[in-house]
Every structure is written in structure tokens, then in C-alpha cells.
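Heads up: numbering here begins at 1 and tracks the sequence.
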Amino acid sequence: MEIGSGTIASCLKEQLKIFQEWFCLADSDGDGRVSGNDAIQFFSMSHLSRAELKQVWAIADSKRQGYLGFNEFVRAMQLISLAQAGYELNSDILKKSADMEKIELPVLEGLDALALKTKKLAVSSQHETNGTSQPPSSPWFASKSGSKIPHTAVTSIIDGLKKLYNEKLKPLEATYLFNDFVSPPLTSSDFDAKPMIMLLGQYSTGKTTFIKHLLRCNYPGAHIGPEPTTDRFVVVMSGPDERSVPGNTIAVQADMPFSGLTSFGGAFLSKFECSQMPHPLLDQITFVDTPGVLSGEKQRTQRSYDFTGVISWFAAKCDLILLLFDPHKLDISDEFKRVIGSLRGQDDKIRVVLNKADQVDTQQLMRVYGALMWSLGKVLNTPEVSRVYIGSFNDKPVNEASVGPIGRDLFIKEQDDLLADLIDIPKKACDRRINEFVKRAREAKIHAYIISHLKKEMPAMIGKAKAQQRLIDNLEDEFGKVQREYHLPAGDFPSVEHFKEVLNGYSIDKFEKLKPKMIQAVDDMLGYDIPQLLKNFKNPYE
């Protein structure tokens, strides 16, 4: 499975050196990113039409980050060269170009003059620095707290979301205890994390084998067998060398998006590890391998940590959730039902995979498929039919003796569809971040309304304990009052049972009253700031 075009790997060393020099020229502020304005000035030297340059940017910035890193810049240069040679640009042109090394350097008129001008400016700046006058202090170092990000620091959509979170959403979350009831506060690493795919299923449905099949190699800590061999959560991600990092270590690393897992305690962290290895696929995607969901007598053995809570935490962070079944394990146990229930609100991320489908013949496969859809219909409370991918996702050839040539062709098409779904994940990562951010903002608003409403219902002096118990017992009715008062959608409210459980540990009388200015700040963020951010970092040629 390949994600991306491998642009840099296909370039000659001489070309890479030249592209590096050009990248430094195009990057006017030296932040390692070519912005839309930078691109308009630099790409204009190619004398391509605006429509062609619009296509160049759209293909190069396929992840819609709003800027070009070095890899994307090289891709843009190759696209410009192909356009100058008369090729029609499309998203597959670099993949179809068999001999990438023979793509000539693009012709950029005025490049030498730009290089000379940049050199003079650099020399002039150096003289000023060595002089007696000192430049004004940078806003980055204005205060130790660094609570506000300077406007000039926003050079991408993700940077903009970080700024909006810290300035507008985080204060609302802190005031109304959103982080205790719903989700821990976001860190910088949460915004910068690579897209994640989580695999769920009963033991021996092929979760670890599926990851191994995509990577085409083993990864540190991978165990495969007929019984529950993966007894821990394993995050498979990119790293400089092959190693396994214990859960307690990975949870306290600031550059990793797993600090929120510390809330599940040491019992969970001892069953959590990170498997790192250098791999081109892992440069784009992180996988989460989970313990097999228990069934039968095994599920009566209580785990030492909140299994469904951990699944719910990962589900909120992941971009895709794969539910794996095999033809001999279609029953949905009580624990599996609770796990699927914990995915509430993440329906758009769920994909179902019927794995090891070549173990039965075509007639049996039809019956298995029907039985799987019937089982899923009882636990997935959605009117839409779930997309089910059928195949045998391992390194062995398809068992044609069982499925025949028609089944083999079906498996190939299904595998291609699933891989296409996975390949799109990095391209949609930025859109997913925006989607999750907006969803979180709406959840935080509703949470603030609920907390302030409960505070308002408390008496001023006498009978506070009885009033709190009455509110907790009738919490569903209180949710209804909040919904009607503020005209909120019922489907966006949290689980009543979970809210009750957390609420029992707090004194409602100490909650904050509603602060309209905070709510208005979040409304302004959703209605103006985010649309403006997307507008600022859209394709500069639109």
C-alpha cells in the first residue's frame, strides 16, 4: 500500500539540491512553509496560466494544509515542469510518470534576479543586526506564559485552530469542567498528530495480521495466534528505529498525543505500548491495535481498567475505525456490544471488514454476510446500511478452491476499495481536524448550558443536598429543559448515565453561572473565525 507519490525519493541528488535552494527563495519568512502568497509570487515566474497553477497547488497541497512543505514544493515544481512540457495535469500524473528522474527542471524566468535580491536583503539584515540599534523584541518572547499566539505565527489551518482553541474554546471548557465530564484538554501534539486508524474485533479476527499486511513486514511487539495474543493496546507509528516504548513513558512525552490516557491509571498504562519503526506508510498514518474483545466465559473476567472508556477515548482521536469479523465469529458478545456502544457519535468513522472470507465457499459466504448484517443491525442504531468490505487481508494467496474465480475477483475489488478509503485518510486529515474541532466546540457549548442550568436550579440557602439528588435523579428531564430553552438538537446531548456518574462526585452549588460573553466568543469562532481561517488558507488561485 502506497500513500503519496514518493516525490523526493524519485529525484536526482542534483535536482534535490536545486529544489532546496529554490524552496529557501520561495519561503519569504524562512518558516519552512511556502504560503499561498509566497507561491503566487514564485510560481508566476513559470508563466503558466492561472488555471494551470490552480491545479498545481491543488495537487501539491492534497492534504489541504494551506501551505507547501519541502516535499509538496518539489511535487509542485515537477507538476510545473510537466505542464510546461504540454502534459495535462491531474492527480495521478506523477504516479503515471514512469521515469520520474527524467522530469526536467521547470523554466522560471527571473529566478536569478530574485536570488540576487534575496542575497542583498540577507546581507543588509546582517549589517543591521551587527549595528548598535537593537530590533524590537519578538512577540514570541513577550511573556513567559505565551498565552496568546501572535498573528504572524498562524501560517496554516492547524496553527489557526490551535490559536482559536487557546483563546476562545479552552477558557469555556475550563470554566464549566468540560475536561472532567467529556474530554481532556487538547495539547499542541493533538493538533499535529498523524491520522490514526483503530482496529477493533474479537480475538483471532486478524487485526494484527491486517496491519502486518499493509506494512508488508512485522512490527515490534506483534504477536499473532488463534487465541487472544494481543493483550494490550499497541500504537504502531513512525520512529527512527525499531523499538517498543512502554505506556507510562509514551503518555508523558509532550510530542505524543497520548497524555490524556494517564486518566485511566497505571493498570491501563501497563497494558499500553508504542511500537515504532521507520516505514513510509507510518510517515502518513498511525495504527492502533487493540486487545481482542472477549466472548463466552472469558468476558466474565473483569479487566483491570475501563476497557470501553479507553476505546471511546481512542475513537474520538481516530480518523477511521475498522470493525473486524471473520465467518466463524459473527456473534456480538456483551463486551463487544458495550464497545460498539462506546463509539456513539463516531458513526461516520466506522467501517466493517468481513475478514478471512476465503475460508468458506460462495454459498456460505452469502449466508455469513446476511447473518453479519442482521447482527450489526441490532447494535448499530443507524438507519443507513453499514459499508462492509469482504476479503482476506493477509499475505497468503486467496483460497480459490473455496471461493472460485468470481470470489477471487470480488475480493480484489473489495480490497482495492478499502485501500482507496485508507489512502484518502491523509488527504482528508486537515478536514477531519476541522470537523472534530467544530464538533468539540458544540459539545462544550451544550455542556456549559447544562452545568449553568443545574447551578440555576439549586436553592440559595437550605436543602442543597436534596436539591442536588433530585436534579441527578431527574437528569433526563433537566436535559429536556435545556434543549427547549436554548433550541438545541437532542442528538448532541451527552449520555445521561455517564453524566450522572461523573456528576455524583461534584457539588452542583459550586458550578459557575452562565457567562454569555464566553458563549458569544465560541459562537463568533464558529460563525466567523473558522470560516475566515479556511478562506485565508484556501487555494490561492481560486
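- When side chains are defined from C-beta on, Phe210 does not count as touching Leu215, because their heavy atoms never get closer than 4.5 Å.
- Asp180 and Tyr506 are linked by a side-chain donor-acceptor pair at a separation below 3.5 angstrom, with hydrogens and angles left out of the test.
- A donor and an acceptor atom, one from each side chain of Tyr219 and Asp289, are located under 3.5 Å apart.
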Working for side chain to side chain contact (heavy atoms under 4.5 Å, CB included), residues Phe499 and Ile450:
CA-CA 10 Å; Phe499 208 93; Ile450 293 171; 3.7 Å; yes

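- A salt bridge links Lys163 with Glu167; the closest basic N to acidic carboxylate O contact falls under 4.0 Å.
- Note on ring orientation: taking the six-membered ring where Trp is involved, the planes of Phe178 and His447 are perpendicular (angle over 60°, cut-offs 30° and 60°).
- Atom CD1 of Ile508 sits about 5.0 Å away from atom CD1 of Ile472, to the nearest 0.5 Å.
- With hydrogens and angles left out, the side-chain atoms of Asp306 and Thr308 include a donor and acceptor closer than 3.5 Å.
- For the pair Ser189 and Met256, the tightest heavy-atom approach, listed with the atom from each and the gap, is OG-O, 3.1 Å.
- Counting only heavy atoms from C-beta outward, the side chains of Val438 and Leu526 approach each other to under 4.5 Å.
- A salt bridge links Asp509 and Lys464; the closest N-O separation between the charged side-chain nitrogens and carboxylate oxygens is under 4.0 Å.
- The aromatic rings of Phe479 and Phe493 sit tilted relative to each other, their planes meeting at an angle between 30° and 60°.
- Between Phe264 and Phe268, the ring planes lie perpendicular to each other; the angle is over 60°, past the 30° to 60° tilted range.
- Look at Lys428 and Asp319 and you find no salt bridge, because none of the NZ, NE, NH1 or NH2 atoms lies under 4.0 Å from a carboxylate O.
- Paired with Trp313 under the rule side chain to side chain contact (heavy atoms under 4.5 Å, CB included), one option of Ser183, Ser342, Pro184 passes, and it is Pro184.
- The shortest side-chain heavy-atom distance between Pro246 and Glu273 does not fall under the 4.5 Å cut-off.
- Applying the 6.0 Å contact sphere to CZ of Arg442 captures no more than 12 heavy atoms from other residues, nucleotides or ligands.
- More than 12 heavy atoms of other residues, nucleotides or ligands lie within 6.0 Å of CZ in Arg440, so this atom counts as buried by the packing criterion.
- Between Lys194 and Asp283, no side-chain nitrogen of the basic residue sits less than 4.0 Å from a carboxylate oxygen of the acidic one, so the salt-bridge criterion is not met.
- Between Ser156 atom OG and Lys162 atom NZ the span is 7.0 Å, to the nearest 0.5 Å.
- In this structure, Leu261 and Leu269 approach most closely via the heavy-atom pair O-CD2, 4.1 Å.
- Rounding to the nearest 0.5 Å gives a distance of 11.0 Å between CG of Leu214 and OG1 of Thr209.
- Within the 4.5 Å cutoff, no side-chain heavy atoms of Met198 are placed close to those of Leu320.
- Considering all non-hydrogen atoms of both residues, Cys430 and Lys63 come closest at CB-O, 3.3 Å.
- When Asp159, Asp61, Asp38 are each tested for a salt bridge (charged side-chain N to carboxylate O under 4.0 Å, His left out) with Arg33, only one passes: Asp159.
- Ring pair Phe272/Phe258 is perpendicular by interplanar angle, where above 60° counts as perpendicular and below 30° as parallel.
- Salt-bridge annotation for Lys168 and Asp524: absent, with no side-chain N of the basic residue lying under 4.0 Å from a carboxylate O of the acidic one.
- Classified by interplanar angle (parallel below 30°, tilted 30° to 60°, perpendicular above 60°), the ring pair Tyr165/Phe437 is perpendicular.
- Gly292 and Lys207 make their closest contact through CA-NZ, 3.7 Å (heavy atoms, listed as atom of the first residue, atom of the second, distance).
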Set out, in order, the CA-CA distance, both residues' side-chain angles and the distance that settles side chain to side chain contact (heavy atoms under 4.5 Å, CB included) for Glu512 and Ile451, then state yes or no.
CA-CA 7 Å; Glu512 292 285 344; Ile451 292 293; 5.8 Å; no

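- Atom OG1 of residue Thr205 and atom CG of residue Leu199 lie 8.5 Å apart, to the nearest 0.5 angstrom.
- Remark: Arg338 is not positioned above the aromatic ring of Phe336, lacking an NZ or CZ atom under 6.0 angstrom from the ring centre and at most 45 degrees off the axis.
- Within 6.0 Å of CD in Gln253 there are more than 12 heavy atoms belonging to other residues, nucleotides or ligands.
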Derivation of the side chain to side chain contact (heavy atoms under 4.5 Å, CB included) call for Thr187 and Ser259
CA-CA 9 Å; Thr187 62; Ser259 58; 4.1 Å; yes

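- Residues Met277 and Met237 form no side-chain contact, since every pair of their non-hydrogen atoms from C-beta on lies 4.5 Å or further apart.
- In plain terms, the two heavy atoms of Arg433 and Pro195 that are nearest each other are NH2-N, 4.2 Å.
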Could you walk me through whether Tyr67 and Asp31 pass side-chain hydrogen bond (donor to acceptor under 3.5 Å, both in side chains), step by step?
CA-CA 11 Å; Tyr67 67 88; Asp31 65 347; over 6 Å; no

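- Separation of atoms NZ (Lys349) and CD1 (Ile425) is listed at 11.0 Å; rounding is to 0.5 Å.
- One distance of note links NZ of Lys513 with NZ of Lys455; it measures 6.5 Å at 0.5 Å rounding.
- The side-chain hydrogen bond (donor to acceptor under 3.5 Å, both in side chains) check on Ser452 picks up nothing, with sequence neighbours excluded.
- A salt bridge links Lys439 with Glu436: the distance from a Lys NZ or Arg NE/NH1/NH2 to an Asp or Glu carboxylate oxygen falls below 4.0 Å.
- Taking each heavy atom of Cys318 and Val288 in turn, the nearest pair found is SG-CG2, 4.4 Å.
- Using a 4.0 Å cut-off between charged side-chain N and carboxylate O, Lys481 and Glu478 make a salt bridge.
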What's the verdict on side chain to side chain contact (heavy atoms under 4.5 Å, CB included) for Thr175 and Phe511, showing C-alpha distance, side-chain angles and the deciding distance?
CA-CA 9 Å; Thr175 301; Phe511 287 168; over 6 Å; no

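- Within a 6.0 Å radius of NZ in Lys500, more than 12 heavy atoms belonging to other residues, nucleotides or ligands are found.
- The side-chain heavy atoms of Tyr389 and Asp421, taken from C-beta on, include a pair separated by under 4.5 Å.
- Between Tyr176 and Tyr449, a ring centre-to-centre spacing not shorter than 6.0 Å is recorded.
- Counting only heavy atoms from C-beta outward, the side chains of Thr286 and Met196 approach each other to under 4.5 Å.
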